[in-house]
Participant: 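Below is a structure I'd like to ask you about.
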Amino acid sequence: MDPECARLLPALCAVLADPRQPVADDTCLEKLLDWFKAVTEAGSSLLLLQENPCLVELLFHVRKPQDLSSRILSFALRLAGTFAAQEDCFQYLQQGELLPGLFGEQGPLGAAAWAAPTVRSGWIQGLHSLAQHPSALLFLADSGAVDTIFSLQGDPSLFVASAAGQLLVHVLDLAMRGPAEGRGPAEGRGRLQARDWPACARRIVCHLEDCLCSEATPRVTQALHVLTTAFRHCHGLWTQGLWVQLSPLVARLLEKDPVPAPHALVELLLSVARSSVPSSDPGLWETVAQTLSHLSPMQAGPLAAGILKLQDCPQALRIQAFGVLLRPLACVLEAAAQAPGTPGLLEGAAGDQMAVDTLPPSKSACVGLLCSTLAHLELLQPLPQRPSPWPQAPLLAAAVTILRFCNGSAAPSSELGGHLCAMLVGCVRVQRAALDFLGILSQGLGPRELVTQVFAVLLEYLVSPDSSPTVLKKAFQATLRWLLGSAVPPGCCDLEPRAQLVLRELLAVLQKRLCSPCWEVRDSGLEFLTQMTRRWGGQASFRQALLASEVPKLASQLLQDPESYVRASAVAAAGQLSSRGLLAAPSSPEHPAGPQNTSFEELLLVLTTDSEGFPRRAAMRVFTEWLRDGHVAVAEDQERFVARVLQAASGDLDWEVRVQGLELALVFLQQLLGARGPGAAPPCALAQALRALCRVQLFEFAFRSLFDCDRPVAQKSCDLLLFLRAKAAPSGSLQEAGDSPDVAPVEAALQRWRAGEQGQPLGELAPEAVLAVLRSMDLEALRDTLAESSDHVERSPQSLLQDMLATVGVLGDNEADCY
């Protein structure tokens, strides 16, 4: 421990033990506890206590009946557990009966302080830290702590109840770790027998058995949660024996009607299936199959999806699990009048009775079932272990049918279909889930007729005035994915004829949506336009259709939208359209330049005048992309382009704009000096590059940014200058004027900027002076300093102790480090 911390510690312990002193806040106590944990992990807890007896005195003091704060008592319990985690320190604390006084019956268990959840939580966490060695097991058994842990499983505080369950698992694992793992492999399954378990482990398992046999659902839930935690986090061979012991009682839960705690039961079975148990007990799969049969579709869905994600699982069980997920969609297909030849799901099993048994009668339950089913199938679709064959066509038909039920265009085939239509019509939650699922299905193939239906229903949603902004956004995203999937061949930029027909209708819809009074709709339309242009801007049919519409004009007009998010999206769209040469020529004579130069002036105006940060950031991203891709506005006069953009970015108040400005400067630098490969640039190329960098005033921006109050800006500038210095030739290879360039003005400016002064601009710089300054700066040390957290000084233990003491006036003002 640091000597200064050791000097401050007695005063702090006295403050913590004094109920008259104001209580330190929870954050300080947590930081103090973290520091003690770090100290004990790095060395001996026993030595720490012997060198700092005030810590032991504090722990003895909190045992006395007094009006100590519950937070201080909780802190002391956790601190004692931290020290007692090392067995020699545990024995040391036991000599004075300190631990029984804190964790036994004579401690806070019987005091009024026990009513505070904070104290109960501290008691549990202290024992959790303490239980690391065999001596701790004996202490837990003798002190009656295990019974208290059992009772705390039902604590009204969910945090306390959860922590009690985790502590039970930890104690069980500690008890079983030695006996179960110490046997040799030749002893086989004998190491898993319950009669070989230590007394503490047998006691916990008996408690779990009692809970599983209880008629009270909360007790069953407690046992299932403990077992789930055990199989999820404990990987010893003893877990196999635990499952052999308790699996009959778990299976017996399925005989009750209704099945108690179904969600907890599903979580347990999945955690067991992911453990080493299946390799030793194939009977697990039978229990899973029975559970799938006994639970409702809503309850069984997560279990079915979890089973299908496993790499190794019996094929019959996979078929059963997939059937559970498909059944709600099969009912939807059955409830709607389908065209002849429409593929079905679960052939031969569908029917009104199955639909009645599967789809809940209430709207909220039915919506929840469909949304969870679609979400599970969406996660399964891209997995390599998904069911094969994958029923792509029926799933497409089901997704389209659900969307038609939601917009009221489906034709019900029965009374149940009419009821389903009434429940789903206008349901935004189901619409979003179905559109997400439809989008993920674009990764597979489908019959031509079904794909036509997909585009038709997507257009219906894009056109409909009833589509909410979030649904419309999902519809745009799904449409884009299906357009991408319609390229021929896959990955090509050309659209197939069917998609080209859809494209014209899409542009008409987009033209309407860009004029919507709802800003979210305008924003989604612009994002869709940007993505389409990026993908198909070079494709003839797309260019022809886009230029024949009013969409480019509307996108440019939205640069003046009253909503900043829309202006930012309009900037991105205009940038992409300009890159592809898709902005219409200006109609007024005051724009004699071409449309691409006009777009540069418009976006530069956004960068220099917009009052919000989002559009200005978007403009900087566009300019960086233009520079990287060789946009026509850049190619005409690259230096002028860079100089004007950097001038605007360097004075921006938004740090993200300044960072993006430095990114643009780095791109320009790389284009002048070559890629990021190792090695210095040739002297001639370096000299030309330095002169160009000086002309665009890049160095003033970069040097000033080194001392920017926003750390990301300084880090970006440091990276840029380090790259330049690495590319610069060794000293002497570049001709320097008289070998002694005048660096005084630059160094004076750096001193002013370091002190936080604005100062005068540097003006024109000599390349030789720039190189000399670069070589004299310790940029590596600056980079390391910038990499440290902003509170690295204040986070020191000494600072923490000083702050805690200063709050009660123990230290003078000059000693406190109150940040």
Participant: Taking the side chain as C-beta and beyond, is there a heavy-atom pair between L483 and T479 under 4.5 Å?
Facilitator: yes
Participant: In Å, rounded to the nearest 0.5 Å, how long is the span from CE of M620 to CG of L662?
Facilitator: 8.5 Å
Participant: Hey, mind stepping through R621 and R616 against side-chain contact (heavy atoms from CB on, under 4.5 Å) and telling me if it holds?
Facilitator: CA-CA 9 Å; R621 286 192 293 270; R616 302 201 305 274; over 6 Å; no
Participant: Atom CZ of R580 and atom CZ of F542: how far apart are they, to the nearest 0.5 Å?
Facilitator: 9.0 Å
Participant: So do L374 and D436 actually touch side chain to side chain, heavy atoms under 4.5 Å?
Facilitator: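 Heavy-atom side-chain distance check fails, nothing below 4.5 Å.
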Participant: If the condition is ring-ring contact (aromatic ring centres under 6.0 Å, His included), which residues does F641 pass it with, not counting sequence neighbours?
Facilitator: F600, F623
Participant: Just so I know, are the side chains of L395 and L326 near enough to count as touching, which here means a heavy-atom distance under 4.5 Å?
Facilitator: yes
Participant: State which residues pass ring-ring contact (aromatic ring centres under 6.0 Å, His included) with W655; sequence neighbours excluded, sorted by chain then number.
Facilitator: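 ring-ring contact (aromatic ring centres under 6.0 Å, His included) list for W655, sorted by chain: empty.
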Participant: Could you please spell out the steps behind the side-chain contact (heavy atoms from CB on, under 4.5 Å) verdict for S599 and W626?
Facilitator: CA-CA 12 Å; S599 64; W626 281 4; 3.6 Å; yes
Participant: Would you give the length of the straight line joining atom CG of L450 to atom CG of L441, rounded to the nearest 0.5 angstrom?
Facilitator: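 The distance works out to 10.5 Å.
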Participant: Salt bridge (Lys or Arg N to Asp or Glu O under 4.0 Å): which pairs involve residues 503-522, sequence neighbours left out?
Facilitator: R522-D561
Participant: Please name all residues satisfying salt bridge (Lys or Arg N to Asp or Glu O under 4.0 Å) with R432, sequence neighbours left out, ordered by chain then number.
Facilitator: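 Once residues adjacent in sequence are excluded, R432 has no partner under the salt bridge (Lys or Arg N to Asp or Glu O under 4.0 Å) criterion.
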Participant: Please round to the nearest 0.5 Å and tell me the distance separating atom OG of S556 and atom NZ of K553.
Facilitator: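 Taking OG in S556 and NZ in K553, the distance rounds to 10.0 Å.
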Participant: Could you grab the distance from atom CG of L308 to atom SG of C313, nearest 0.5 Å is fine?
Facilitator: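 Going from CG on L308 over to SG on C313, the span is 7.5 Å.
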Participant: Under the salt bridge (Lys or Arg N to Asp or Glu O under 4.0 Å) rule, collect the residues that match up with K309, sequence neighbours excluded.
Facilitator: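 Per chain and number, K309 pairs via salt bridge (Lys or Arg N to Asp or Glu O under 4.0 Å) with no residue.
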Participant: So V332 and L424, do their side chains get closer than 4.5 Å, heavy atoms only?
Facilitator: no
Participant: Atom CD of residue position Q638 - does it have more than 12 heavy atoms of other residues, nucleotides or ligands inside 6.0 Å?
Facilitator: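 Yes - once you tally the heavy atoms of other residues, nucleotides and ligands closer than 6.0 Å, there are more than 12.
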Participant: Quick one: pull up CG in L526 and CG in L559 and give me the separation to the nearest 0.5 Å.
Facilitator: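 L526 CG to L559 CG: 9.0 Å, rounded to 0.5 Å.
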Participant: Report yes or no: do Q531 and Q477 form a side-chain donor-acceptor pair below 3.5 Å?
Facilitator: no
Participant: What I'd like to find out is whether the side chain of H263 reaches to under 4.5 Å of the side chain of Q299, using heavy atoms alone.
Facilitator: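 Of all side-chain heavy-atom pairs linking Q299 with H263, none is under 4.5 Å.
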Participant: If you count heavy atoms of other groups shown closer than 6.0 angstrom to CG of D312, is the number above 12?
Facilitator: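 12 or below, so no.
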Participant: Which ring pair (Phe, Tyr, Trp, His ring centres under 6.0 Å) pairs, counting each pair once, include a residue from residues 383-424, with sequence neighbours left out?
Facilitator: F322-W390
Participant: Tell me, with the steps shown, if L303 and I307 meet side-chain contact (heavy atoms from CB on, under 4.5 Å).
Facilitator: CA-CA 6 Å; L303 178 59; I307 290 299; 4.1 Å; yes
Participant: Residues two or more places apart in sequence or in another chain: which of them pass side-chain contact (heavy atoms from CB on, under 4.5 Å) with E449?
Facilitator: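 With sequence neighbours excluded, E449 shows a side-chain contact (heavy atoms from CB on, under 4.5 Å) to P447, given in chain and number order.
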Participant: Provide the full list of salt bridge (Lys or Arg N to Asp or Glu O under 4.0 Å) pairs with a residue in residues 604-613, sequence neighbours left out, each pair given once.
Facilitator: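 Residue pairs with at least one partner in residues 604-613: R567-D610.
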Participant: Can you tell me which residue pairs pass the side-chain hydrogen bond (donor to acceptor under 3.5 Å, both in side chains) test with a partner in residues 360-378, sequence neighbours excluded?
Facilitator: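 Counting only pairs at least two positions apart or across chains, no side-chain hydrogen bond (donor to acceptor under 3.5 Å, both in side chains) contact touches residues 360-378.
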Participant: A side-chain contact here means heavy atoms from C-beta on lying under 4.5 Å apart; do L420 and C366 qualify?
Facilitator: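 They are in side-chain contact.
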Participant: Are Q660 and T624 close enough that a side-chain donor and a side-chain acceptor fall under 3.5 Å?
Facilitator: yes
Participant: Is there a side-chain contact between E602 and V606 in this structure, where contact means two heavy atoms from C-beta onward sitting under 4.5 Å apart?
Facilitator: no
Participant: Can you list the residues that meet the ring-ring contact (aromatic ring centres under 6.0 Å, His included) rule with F528, with sequence neighbours excluded?
Facilitator: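 By the ring-ring contact (aromatic ring centres under 6.0 Å, His included) rule, F528 matches F476.
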Participant: Just do the side-chain contact (heavy atoms from CB on, under 4.5 Å) check on E601 and R644 with the steps written out, would you?
Facilitator: CA-CA 10 Å; E601 297 296 337; R644 296 183 69 188; 3.0 Å; yes
Participant: Once salt bridge (Lys or Arg N to Asp or Glu O under 4.0 Å) is applied, do any residues pair with E563, and if so which ones, sequence neighbours excluded?
Facilitator: none
Participant: With sequence neighbours excluded, tell me which residues meet salt bridge (Lys or Arg N to Asp or Glu O under 4.0 Å) with R658.
Facilitator: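 Result, salt bridge (Lys or Arg N to Asp or Glu O under 4.0 Å) vs R658: D708, D710.
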